[in-house]
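The structure appears below as structure tokens.
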Amino acid sequence: MFPSSDEIRAALHEHLAWWGLRKFTTDHDYFAWQQQQFSPDNLKQLASCAERKRVGDRRDEIAFYDVAAHPTIFPVLYSQQYDYYEAIAPWMAVQCGAAKQILDFGCGLGILTSFCARLFPEKSFVGVDRSLASIAVAQKQADRLGLRNLRFDCVDGEVQPLSGCYDLAVATHALFQAEHDPGLPSRSWRTFERGNDPTLQAAFEQRTGLGRRLDNLVDVLSSEGRVMVCEKSRQLARRVPFQRALAARGLQLIEPPIPVQYHTVEELVEDGPCYRLQRRSQENVIWDESPEPDEDRPFAPEAIAISSDAEHPLYENHRPSAQTAWEQLMGRDVLAETTRGEPDGRQVHVERGRFPGFQYLYCANTFDQRQLVIVEQAQAGILETYYREILCEIAS
Ligand SMILES: C[S@@+](CC[C@H](N)C(=O)[O-])C[C@H]1O[C@@H](n2cnc3c(N)ncnc32)[C@H](O)[C@@H]1O
């Protein structure tokens, strides 16, 4: 019988405790514990590896995960991810419940893999990762847990083919890390739409390593195999080419993607959504390439009233819906505008203008940033200064 969500949650807490992970509700408590556990050398080494991973190549990334796998480091470091495991593990359990042979691509220490292998002893699990130290820890822990339905392989799924055949492949934060990559710009600052240029898509898949990882993953998927992926793909400029890469490999959505949100010690993380996909799916779920809805910022021109508060604009919107609001400004008269383009397709537009009784400033770029500020006529000077500041920023 499939475990209930309460049973999954209880089993997960027990599992994470077994791994030595702790849940913290305040940053203060976490960092106090971290200070007791880590030596100054540990902290220095981790910080320098993290920085090299941020700016470096695959060797730097592997080196970071090798260091992170050290037994004195991983319980503390991965306790930061406690909420993340709580968010992801139940979805992964549901997907595994419907499969027999499961691949966890980029499994790291196998914290999630071993959790699911414990929940479903009758199913068979393989975890692959390119960090040798992570795989060594993963295998040792699986042995300690007596898991005979789970094995690990050290494979770089970007440069080596995978082996086996799976009816479910899971990849969480492993296919599309490349966090510095801005993604694919929109066709112009006026729209959120991306064109359909295969050269740009291919370049994106190549420089992020996503294309080769996905090709290798799909190669070991059975003809109606399922995939669960959850990556750093929240920004539209990254989400669109990520989704296109999935679709181009014959993966179709089984259900609408679910937004993922969790706390790490220092921040609330809103990740790319969790996708449940299948080859030859019977469902007809449409890929969504529009910005995330932001119903909290509706625009009603009649709601803009003269305010006695000279400090604050009458209306300010930094979300995608600022574009619709700007389009709705009746009788718009542009006083100054600049559009700058870069050879790589980046483009930014800044515009200052007026409409009856008011002044506005609008800024839009091809990476989906939008900004509309409306002030009373008498506050026009604020927008002039702001306009000049933005021009200086985009010139530098
Ligand atoms: C952020 S960790 C995620 C670990 C685990 N999936 C989770 O969700 O907790 C990313 C892992 O993906 C692995 N990885 C990244 N690219 C990989 C590749 N091309 N082949 C195999 N593993 C890879 C890294 O070594 C690292 O252990």
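As the structure lists them, so they are numbered: ligands from 1, and atoms in each ligand from 1. This one's a predicted model, so the numbers in the text were calculated from it and none came from an experiment.
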Write out the residue and atom name of the closest protein heavy atom to [atom], then the distance separating them to 0.1 Å.
| atom | answer |
| --- | --- |
| atom 1 (C) of ligand 1 | Y65 OH, 3.2 Å |
| atom 16 (N) of ligand 1 | R213 NH1, 3.1 Å |
| atom 13 (C) of ligand 1 | D129 OD2, 3.2 Å |
| atom 8 (O) of ligand 1 | Y84 OH, 2.5 Å |
| atom 19 (N) of ligand 1 | D156 OD1, 2.9 Å |

Return yes or no for this condition: an N or O of R130 is under 3.5 Å from an N or O of ligand 1. yes
Do we get R213 above F105's six-membered ring, with its NZ or CZ under 6.0 Å from the centre and within 45° of the axis?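 Judged by the rule (NZ or CZ under 6.0 Å from the ring centre, within 45° of its axis), R213 is not positioned above F105.
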Please confirm whether R352 makes a cation-pi placement over Y386, using NZ or CZ under 6.0 Å from the six-membered ring centre and within 45° of the ring normal. no
Ligand 1 contact by S134, heavy-atom criterion under 4.0 angstrom: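 Per 4.0 Å heavy-atom rule, S134 does not contact ligand 1.
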Run the contact test for Y85 against ligand 1 with a 4.0 Å cut-off on heavy atoms, strictly below, and give the result. yes
Closer than 4.0 Å to some heavy atom of [X] - which atoms of ligand 1 meet that?
| X | value |
| --- | --- |
| H173 | 1 (C), 2 (S), 3 (C), 10 (C) |
| V155 | 20 (N), 21 (C) |
| E61 | 15 (C), 24 (C) |
| Q177 | 1 (C) |
| A174 | 12 (O), 15 (C), 16 (N) |
| T172 | 3 (C), 5 (C), 6 (N), 7 (C), 8 (O) |
| G106 | 3 (C), 4 (C), 5 (C), 6 (N), 11 (C), 12 (O), 13 (C), 22 (N) |
| G157 | 18 (C), 19 (N), 20 (N), 21 (C) |

Derivation of the salt bridge (charged side-chain N to carboxylate O under 4.0 Å, His left out) call for D6 and R9: CA-CA 5 Å; D6 282 350; R9 203 171 313 120; 3.3 Å; yes
Atom CD in E61, atom CG in D66: separation rounded to 0.5 Å?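 If we round to the nearest 0.5 Å, E61:CD and D66:CG are 10.5 Å apart.
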Trace of the side chain to side chain contact (heavy atoms under 4.5 Å, CB included) decision for L391 with R388: CA-CA 5 Å; L391 285 190; R388 278 196 302 275; 5.6 Å; no
Go through it in stages, so that I can follow the logic: the residues are Y85 and F115, the test is ring-ring contact (aromatic ring centres under 6.0 Å, His included), and I'd like the CA-CA distance, side-chain angles, deciding distance and then a yes or no. CA-CA 10 Å; Y85 296 123; F115 172 65; 9.7 Å; no
Could you tell me whether R148 atom CZ has more than 12 heavy atoms of other residues or ligands within 6.0 Å of it?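 No, not enclosed.
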Identify the heavy atoms of V67 and C49 that sit nearest to each other, and give their distance.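 For V67 and C49, the tightest heavy-atom pair comes out as CG2-SG, 3.8 Å.
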Could you check whether the rings of Y360 and F355 sit parallel, tilted or perpendicular, using 30° and 60° as the cut-offs? tilted
Testing K232, R234, R238 one by one against D271 for a salt bridge (charged side-chain N to carboxylate O under 4.0 Å, His left out), which residue passes?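 Exactly one option meets the salt bridge (charged side-chain N to carboxylate O under 4.0 Å, His left out) with D271, and it is K232.
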